There are 2 protein chains.
Amino acid sequence: MGHTPTTARGRATRGRILDAAADLIQRHGVAAVTLDAVERAAGVGRSQLYHYFDDRDDLIRSVVHATVDKVLAAQEPLLLEVGSLAGIERWFDAIVANGTRQDAVGGCAIGSLASQLGGQDELTRQAFVDAFARWEAPLIAGLRWMQESGELRPDVDVTELADLTMAAIQGGLLLAQIRRTPDQLRHALNGARAALKDALTSPP
Amino acid sequence: MGHTPTTARGRATRGRILDAAADLIQRHGVAAVTLDAVERAAGVGRSQLYHYFDDRDDLIRSVVHATVDKVLAAQEPLLLEVGSLAGIERWFDAIVANGTRQDAVGGCAIGSLASQLGGQDELTRQAFVDAFARWEAPLIAGLRWMQESGELRPDVDVTELADLTMAAIQGGLLLAQIRRTPDQLRHALNGARAALKDALTSPP
DNA sequence: GAAGCTCTGTACCATGAGATACAGAACACC
DNA sequence: GGTGTTCTGTATCTCATGGTACAGAGCTTC
């Protein structure tokens, strides 16, 4: 898997390559990631690419892993507070804000990658399965905690609720990306919020 | 946009090309659609491709339009009955069945295409905007009808409900496709169903 | 059955893009 | 400051792939 850089300069270069490639994918799809384009965008020569990555596929895979780590790291502080309705709402708000921010491009980086590369090789697909699992796990844990502490009705299926939430996020982001407006995402998350409130023991 | 075939043989050939290309996209992504691959899969020579399509891009665009029409045509009979809870539930069941059927590949053909080509040119993106609008319109109309006839509470936002539903479908299909199991899709639609029931005037 | 279409088969071209070779610069370490 | 390692620049090769040329088969129509 190429050389892992040891010097600061090396890490910076590898990072620039990864960022440039990720940006190209996000904006114009995987097909737009030609080595020439990456070089231009990253301000880097051909030899650097092959110094840090085995080949193009290795680069793409690395982008996937980097993106997954980055997105999940960004989510982490919010996902830790998901054990309460207020925490979940903060999480939703952040997602909507995030989807709105990136000038109308939006879309979930992981979801976007997933639908482009999910049908690729088994290894890449597995990476996305793991990514979504890591993403959903804190939510399930939080909901379960709420259920055990009596906030949530005992008869609701927490995995079902979590799956709905994840689907609403992904679907909302996809549709918002196509329509270039965050409305759909907001609506979808409002719906998920309603479903959550509906499962509370004490209706608000 | 190439020659539109006039003979039966011509239509069959053009159809085979379109089917083969659609299949390749669905299974291995747009990048896998090389002209050689299409020829092999469709049992067709290079000259046929350029007889019926201007170039590769035209072929891809044609696949998009054909897929949209096909999916929407398949949905149509169910979408006409969406003016009642029972009709909506039949629609959901069909979607789940459809997502389950295609041997674990699944995924929404339109959604999959959309996330691969949505960031492409403006024209293609618009095609998807239209597709989703055409898809969602009957649902909104049905919900509005239910609201006017008193089945649905007057204070609920029908577009919000419809957006949640569409997002649940798309997100559920995406996640089900990645995980190769229809559970997530089923869960997501159960959630959407719950949200719908919650909006009814007479709780079931 | 001949003309004039639509449709098909094969060979070929041009070039974009992935990959390689190799030398030289920058840096770390003693 | 010398030496080995990491990192970078440039030129080049190779080949897959989109695109073209052109002849020939197969209908349809008169």
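In what follows, chains carry the letters A, B, and so on, assigned in the order in which the sequence lines appear, proteins first and then strands, with residues in each chain numbered from 1. Because only heavy atoms are used, hydrogens play no part in the values below, and waters and symmetry mates are left out as well, while side chains stay in. Just so it is clear, the structure is predicted and the values come from calculations on it, not from any experiment.
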Nearest whole Å is fine: how far is [N] [atom2] from [X] [atom1]?
{"X": "A/His51", "N": "D/dC7", "atom1": "NE2", "atom2": "P", "answer": "4 Å"}
{"X": "A/Leu49", "N": "D/dT8", "atom1": "CG", "atom2": "P", "answer": "11 Å"}
{"X": "B/Glu39", "N": "D/dA16", "atom1": "CD", "atom2": "P", "answer": "15 Å"}

ring-ring contact (aromatic ring centres under 6.0 Å, His included) with A/His3: which residues, sequence neighbours excluded?
->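 Result, ring-ring contact (aromatic ring centres under 6.0 Å, His included) vs A/His3: A/His51.
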
Do B/Tyr52 and B/Leu18 pass the side-chain contact (heavy atoms from CB on, under 4.5 Å) test, and can you show the C-alpha distance, the side-chain angles, and the key distance before you say yes or no?
-> CA-CA 10 Å; B/Tyr52 296 110; B/Leu18 244 27; over 6 Å; no

Who passes salt bridge (Lys or Arg N to Asp or Glu O under 4.0 Å) against [X], sequence neighbours left out?
{"X": "B/Asp55", "answer": "none"}
{"X": "B/Asp23", "answer": "B/Arg27"}
{"X": "B/Arg16", "answer": "none"}
{"X": "B/Arg144", "answer": "none"}

Excluding sequence neighbours, so at least two apart, what forms side chain to side chain contact (heavy atoms under 4.5 Å, CB included) with B/Glu89?
-> B/Leu85, B/Arg193, B/Lys197

Would a distance-only check, ignoring hydrogens and angles, find a side-chain to backbone donor-acceptor pair under 3.5 Å from A/Arg46 to A/Leu35?
->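 Pair absent, no side-chain N/O of A/Arg46 close to backbone of A/Leu35.
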
Mark yes or no for whether B/Gln147, through its side chain, and B/Pro154, through its backbone, hold a donor-acceptor pair below 3.5 Å.
->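 Flag set: sc B/Gln147 to bb B/Pro154 pair under 3.5 Å.
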
Output for pair (A/Gln184 CD, A/Leu174 CG), nearest 0.5 Å, gives 9.0 Å

Could you give the distance from CZ (B/Arg56) to CG (B/Leu59), rounded to the nearest 0.5 Å?
->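 It comes to 8.0 Å.
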
Contact list (N/O, under 3.5 angstrom) for nucleotides 24-30 of chain D vs protein:
none

Please list each protein N or O that sits under 3.5 Å from an N or O in nucleotides 2-5 of chain D, with the distance.
none

Can you pull the contact range of chain A along DNA chain C, 5' to 3', using atoms under 4.0 angstrom from its heavy atoms?
->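 First-to-last contact on DNA chain C, by the 4.0 Å heavy-atom rule, is C/dA17 to C/dA26.
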
For B/Ala192 against B/Ala168, the heavy-atom pair lying closest together =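 Distance-wise, the nearest heavy atoms are CB-CB, 4.3 Å.
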
Restricting to pairs with a member in residues 127-137 of chain B, which pass side chain to side chain donor-acceptor pair (under 3.5 Å), not counting sequence neighbours?
-> A/Arg179-B/Glu136

Checking all strands, does B/Phe53 fall into the base, sugar-phosphate, or nothing category for heavy-atom contacts under 4.0 angstrom?
-> nothing

Axis-to-axis angle across the helix from C/dG1-D/dC30 to C/dC30-D/dG1, five pairs an end, to 10 degrees?
-> 20°

Donor-acceptor side-chain pairing of B/Trp145 and B/Glu151 below 3.5 angstrom =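 No, no side-chain donor-acceptor pair sits under 3.5 Å.
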
Quick one: which protein N/O atoms are closer than 3.5 Å to N/O atoms of nucleotides 19-21 of chain D? Pair and distance per line, please.
unit_1: D/dG19; atom_1: OP2; unit_2: B/Tyr50; atom_2: OH; d: 3.0
unit_1: D/dG19; atom_1: OP2; unit_2: B/Arg56; atom_2: N; d: 3.0
unit_1: D/dG19; atom_1: O5'; unit_2: B/Tyr50; atom_2: OH; d: 3.3
unit_1: D/dG19; atom_1: N7; unit_2: B/Arg46; atom_2: NH1; d: 2.6
unit_1: D/dG19; atom_1: O6; unit_2: B/Arg46; atom_2: NH1; d: 3.1

